[in-house]
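Everything on this sheet refers to the single structure shown next.
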Amino acid sequence: MTIHIGAKKGQIAETVLMPGDPYRARWAAETFLTDAECVNEVRGMLGFTGTWQGHRVTIQGSGMGMPSLSIYANELIRDYDVQTLIRIGSCGGMQPQVGIRDLILAMTASTLSTPSRGIFRELNFAPCADFGLLHAAHAAASQRKLPTHVGGIYSSDVFYDERPDLNEQMQRHGILGVEMEAAELYTLAARYDRRALAILTVSDHLITHEALPSEDRERSFGDMVEIALTAAFS
Ligand code: GMP
């Protein structure tokens, strides 16, 4: 048990999928895992451990934003010795060629955020995905013929009142989408020599202002769970 995770040692698998929303963690566990057991309910940030194709997996909510994800990822890594952490979430599209519903595999995650950047002071550390996971996730997405983009994303600390000048510069430099967690996940994975990847569905668009209809969200989320599981164990 840790401050924020009630699971006993051994109740968390070496591989953890991390949706932002704890209800999504429950849905994914009920839909894709066999013998799923709820292993965390602290603060309602649900976590489940079960089996997928013979492999033990935990699906643990991260909450929204880097400070929240950081708490769970730190405890999963330091206290439960988790080796592979895959964020499955949503993002806002930032390029014209990135459509609503498309998948983004985040090769890098730029940020201004202090949880990630604070200890580096003047160094501009570049948080990046694990290549093996990225490669395997790309293969799994291609096999399903899902429109997929691989490249840089932006991990923001705000949902409202984004800085337009910053967005403009990021768009100019090819950043594909904006979300709020990946840079911290990648930084912690680098710090502790673990594997991490963020798989994102484009749920809204900063240029077109389209939004993914709610009936499509579940299907897109399901695709990400399957890709994450396939990548983790390939
Ligand atoms: O709704 C906010 C949550 O969804 C956060 O956990 C973000 O990672 C993600 N998200 C989805 N679309 C966007 C977006 O357009 N902007 C930001 N900042 N976060 C987004």
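Both ligands and their constituent atoms are indexed starting at 1 by order of listing.
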Heavy-atom nearest neighbour in the protein, as seen from atom 11 (C) of ligand 1, with distance rounded to 0.1 Å: Ser90 OG, 3.2 Å
Mind checking whether Cys91 has a heavy atom under 4.0 Å from ligand 1? yes
Gly92 heavy atoms within 4.0 Å reach ligand 1 at atoms 12 (N), 13 (C), 14 (C), 15 (O)
Where do Leu33 and Ala36 come nearest, in terms of heavy atoms and distance? CB-CB, 4.2 Å
Atom of Ser156, atom of Val178 and distance for their closest heavy-atom approach: CB-CG2, 3.8 Å
contact_flag Val158 ligand 1 heavy-atom lt 4.0 Å: yes
Applying side-chain contact (heavy atoms from CB on, under 4.5 Å) to Asn40 and Gln60, what does each step give before you reach the verdict? CA-CA 8 Å; Asn40 186 47; Gln60 168 66 52; 3.7 Å; yes
Shortest non-hydrogen contact between Ala228 and Ile88, atoms and distance: CB-CG2, 3.9 Å
Quick note on ligand 1: atoms under 4.0 Å from a heavy atom of Ser203 include exactly 11 (C), 12 (N)
Hey, quick one: are Ile59 and Leu133 part of the same hydrophobic cluster, counting side-chain heavy atoms closer than 4.5 Å, chains of contacts allowed? yes
Among all protein heavy atoms in this structure, tell me which lies nearest to atom 17 (C) of ligand 1, with the distance rounded to 0.1 Å. Phe159 CD1, 3.5 Å
N/O to N/O below 3.5 Å, does that happen between Met180 and ligand 1? yes
For atom 6 (O) of ligand 1, which protein heavy atom lies nearest, and how many Å away is it? Glu181 OE2, 2.6 Å
How close does the nearest protein non-hydrogen atom get to atom 14 (C) of ligand 1, and which residue and atom is it? Asp204 OD2, 3.6 Å
Using the ring of each side chain (for Trp, its six-membered ring), is Phe32 parallel, tilted or perpendicular to Trp27, with breaks at 30° and 60°? perpendicular
What heavy-atom pair brings Ala141 and Thr148 nearest, and what distance separates the two atoms? CB-OG1, 3.4 Å
Students often mix this up, so state it plainly: with edges at 30° and 60°, are the rings of Phe125 and Phe120 parallel, tilted or perpendicular? parallel
Element-labelled atoms of ligand 1 that are located less than 4.0 Å from some non-hydrogen atom of Glu162: 18 (N)
protein heavy-atom neighbour closest to atom 3 (C) of ligand 1 works out as Met64 SD, 3.9 Å
Is Arg87 in contact with ligand 1, taking contact as a heavy-atom separation below 4.0 Å? yes
